[in-house]
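Below is one structure; the comments refer to it alone.
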Amino acid sequence: MKNLSFIETKKILKKYKMPYPPSELAKSELEARKIADKIGYPVVLKIDSPDIVHKSDVGGVIADIKSGEDAAAAYLKIIKNAGKIKNARINGIIVQKMERGTAVIVGMKRDAQFGPALMFGLGGIFVEIMKDVSFRIAPIDKNEALEMIKEVKGYEILKGARGSEKANIDAIADIILKLSKLAIKEKNIMEIDFNPVIVNKKTAKIVDARMMIKKWK
Amino acid sequence: MEIKKLDAIFNPRSIAIIGASRDEKSVGHAILRNLTVGCVFKCKYCRPFKGRIYPINPNADEILGVKCYAKLGDVADEIDLAVIAVPAKIVPAIMKECAKKKVKAAIIISAGFAELGREGKKLQDAVVKISKAAKIPLVGPNCLGIIRPSASMNASFAPSTPPQGNIAFISQSGALADSIIDWAIEESYGFSTVISYGNHAGLDVHDFMEWLGNDNETKSIALYIEGIDDGRKFMEIAKKVSRIKPVVVLKAGKTQTGKNAVSSHTGSLAGSYEVYEAVFRQSGLVIADTVEELFDIAKALAEQQPCRENAVAIVTNGGGCGVLCADKCTEFGVNVVELKQSTINKLDKSGKMHPAYSRRNPLDIIGDALPERYEAAINILLAEDYIRGLIVIQTLQAMTDSIEDAKIVIEANKKFPSKPIVCTYMGGRFSKESIELLKEHKIPDYNDLSKSAKAMQALVLRGEYLKKIDKNKS
């Protein structure tokens with residue numbers, strides 16, 4: 001399977017009216033600074049490379065950048081870090097508006113027998129250690145999307161347990177619903193991770209999207 | 001597949017056994033014995049097939065006292081169902097004869113097809129091509145066969161015949177079906193139908209499910225599945241059938257992990273079992289964890305009405321047992337509802353309660369409870385609108401009148417038919433008779449408190465599912 005690039009991914013997100021924070025690809029430190037100025041601070045810079053999957057593990061992500069100077073410096077630092085990885089192709093650096101809230105994950109995997117399986121879970125340890133996720137087979141309706149969210153144990157956190165901010169559940173359901181439509185239509189996309197989707201009281205935004213297509217024959 | 005066409009499989013008037021054999025150790029002989037005598041291992045549920053039987057064997061005049069025919073074409077009568085147990089390589093030729101004879105349906109018991117690999121698959125495809133062209137619905141190949149106790153038909157080489165009842169069992173494994181039959185006889189679990197579908201070259205699990213959805217003998221469907229080929233079709237039919245009657249499923253291969261080395265996060269979490277689980281939930285199926293649970297749940301769903309609200313009471317003559325059961329209920333999400341003061345007043349006023357009775361749910365009516373105390377408690381609880389299901393626990397103590405207690409439960413179930421009851425009559429030898437009585441009257445009884453709680457959970461889930469469907473309709 002092959003990973004779609006940032007530009008290709010963004011195109012598909014746009015097509016299905018998926019909410020994501022303002023983000024653009026920079027090819028130089030000057031460009032990074034310009035984009036950041038335009039988007040407004042704070043921003044986050046992230047590597048875009050088909051050869052780097054776990055961006056933060058290789059120093060490919062710098063968050064909470066508050067000035068143009070810092071943006072330019074972060075650009076250079078990420079390029080340097082990525083340079084340590086042998087033969088890694090680099091498309092550029094993504095400059096993105098910082099989102100604050102709770103991290104959740106929304107995903108899709110095309111199952112050979114049943115078609116697209118949609119997944120929902122809370123980010124971090126909930127997914128990785130507890131495997132606290134729910135699945136449905138697309139297409140689904142809004143009620144089913146809401147059910148998916150309510151089914152995981154971590155739902156209590158989204159509801160605002162122990163002083164955490166109540167998350168906009170509807171906005172998450174909306175993303176799952178759009179993913180359901182996307183999965184039914186875009187048959188060549190085999191797997192999708194929206195990880196994380198950052199959700200707060202007002203919105204849910206796809207901060208990082210990964211799409212995998214079948215390798216051409 | 002037109003569903004009506006499957007009638008020839010489940011309610012045939014005439015059966016030809018192709019490959020009926022004199023050799024007592026052969027499959028062809030076992031099938032003939034099952035059809036003529038009722039089963040190989042005798043039990044009280046064995047009854048010979050009432051329709052017409054035509055053994056086909058070119059080398060015998062008669063087997064087990066039934067006249068044999070050299071070939072299918074020699075039979076003058078119409079054949080509804082052909083049961084084929086000949087070596088794989090001559091099955092295509094036999095299928096051609098079936099087509100010529102215009103048999104209405106066929107079961108291929110013989111092994112040696114797709115399960116063997118590429119050559120076997122070719123042979124199987126050849127057989128399917130013939131049956132498709134002739135529009136003969138096909139069960140198998142490589143299967144145990146079909147048992148339909150209500151039609152006194154055991155068209156299989158299973159060791160025996162299970163009791164007649166309301167559970168339909170569709171099994172991808174023939175061997176599992178064999179053992180279930182033996183177990184069902186011992187535990188008196190009744191079946192409307194047992195289907196082993198083997199390689200499902202013709203009819204697949206969804207075809208059987210669809211037919212059983214419309215079958216009056218079947219009140220619940222139990223599925224044992226190893227894998228599904230046509231996933232979308234399965235979902236479509238499962239959704240349809242689960243609206244009409246409950247379907248419980250056990251899927252093998254839970255711990256199998258995804259094969260993709262390079263995979264997304266979702267990809268690595270969406271193992272095949274997780275996807276199956278989603279499919280089952282979404283289709284309104286109840287998921288069982290073990291073989292025993294599959295039938296425990298299927299039985300509860302076949303014999304009792306769904307629990308229309310998640311609000312259950314427990315009556316017990318042993319305090320600890322009540323608590324254990326309540327623990328399990330809570331773990332399974334079954335709401336052990338708080339008793340209203342008005343209910344407690346009624347219990348007090350009945351004059352039947354022990355001074356130390358619990359006055360709460362679980363309702364412990366104390367070890368010396370005689371039948372009249374059970375009667376008062378059960379009837380007062382079931383008469384309350386807010387209590388929608390009941391678990392009755394009986395521990396056998398010196399003064400316990402187990403049979404009378406069972407009769408009280410049976411009467412209460414008749415009086416409040418919309419409220420499900422499940423029982424745990426704890427004990428062994430001296431509880432046997434009353435447990436049999438409960439079973440005869442279709443009150444599910446389980447030898448463990450956890451199983452009662454699980455059964456009630458299934459009834460609650462079923463109730464919630466039906467409510468959801470009704471809501472979506474309106």
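Labels below follow one simple rule: chain letters A, B, ... track the order of the sequence lines, proteins then strands, and each chain is numbered from 1. Both backbone and side-chain heavy atoms feed into the values below; hydrogens, waters and symmetry mates do not.
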message = Less than 4.5 Å apart, side chain to side chain, heavy atoms only: is that true for A:Gln113 and B:Arg232?
response =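 No. Closest side-chain heavy atoms not under 4.5 Å.
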Pairwise side-chain contact, B:Ile228 with A:Phe114, heavy-atom cut-off 4.5 Å (strictly under) =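 Yes; the side chains approach each other to less than 4.5 Å.
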[atom1]/[X]: more than 12 non-hydrogen atoms of other groups inside 6.0 Å:
X: A:Lys97; atom1: NZ; result: yes
X: B:Lys132; atom1: NZ; result: no
X: A:Lys10; atom1: NZ; result: yes
X: A:Glu8; atom1: CD; result: yes

request  = Enumerate by number any residue of residues 136-150 of chain A whose heavy atoms lie under 4.5 Å from heavy atoms of chain B; in the absence of such residues, state 'none'.
outcome  =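 Within residues 136-150 of chain A, near chain B: A:Arg136, A:Ile137, A:Ala138, A:Pro139, A:Ile140, A:Asn143, A:Glu144, A:Glu147.
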request  = Find the distance between OG (A:Ser134) and CD (B:Glu274) and round it off to the nearest 0.5 Å.
outcome  =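 If we round to the nearest 0.5 Å, A:Ser134:OG and B:Glu274:CD are 12.0 Å apart.
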inquiry  = Salt bridge or not between A:Glu151 and B:Arg281? Use side-chain N to carboxylate O under 4.0 Å.
reply    =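 Salt bridge present between A:Glu151 and B:Arg281.
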task = Check each atom of B:Lys468 against the heavy atoms of chain A and say whether the ones under 4.5 Å are side chain, backbone, both or neither.
result =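 Contact with chain A is through the side chain of B:Lys468 alone.
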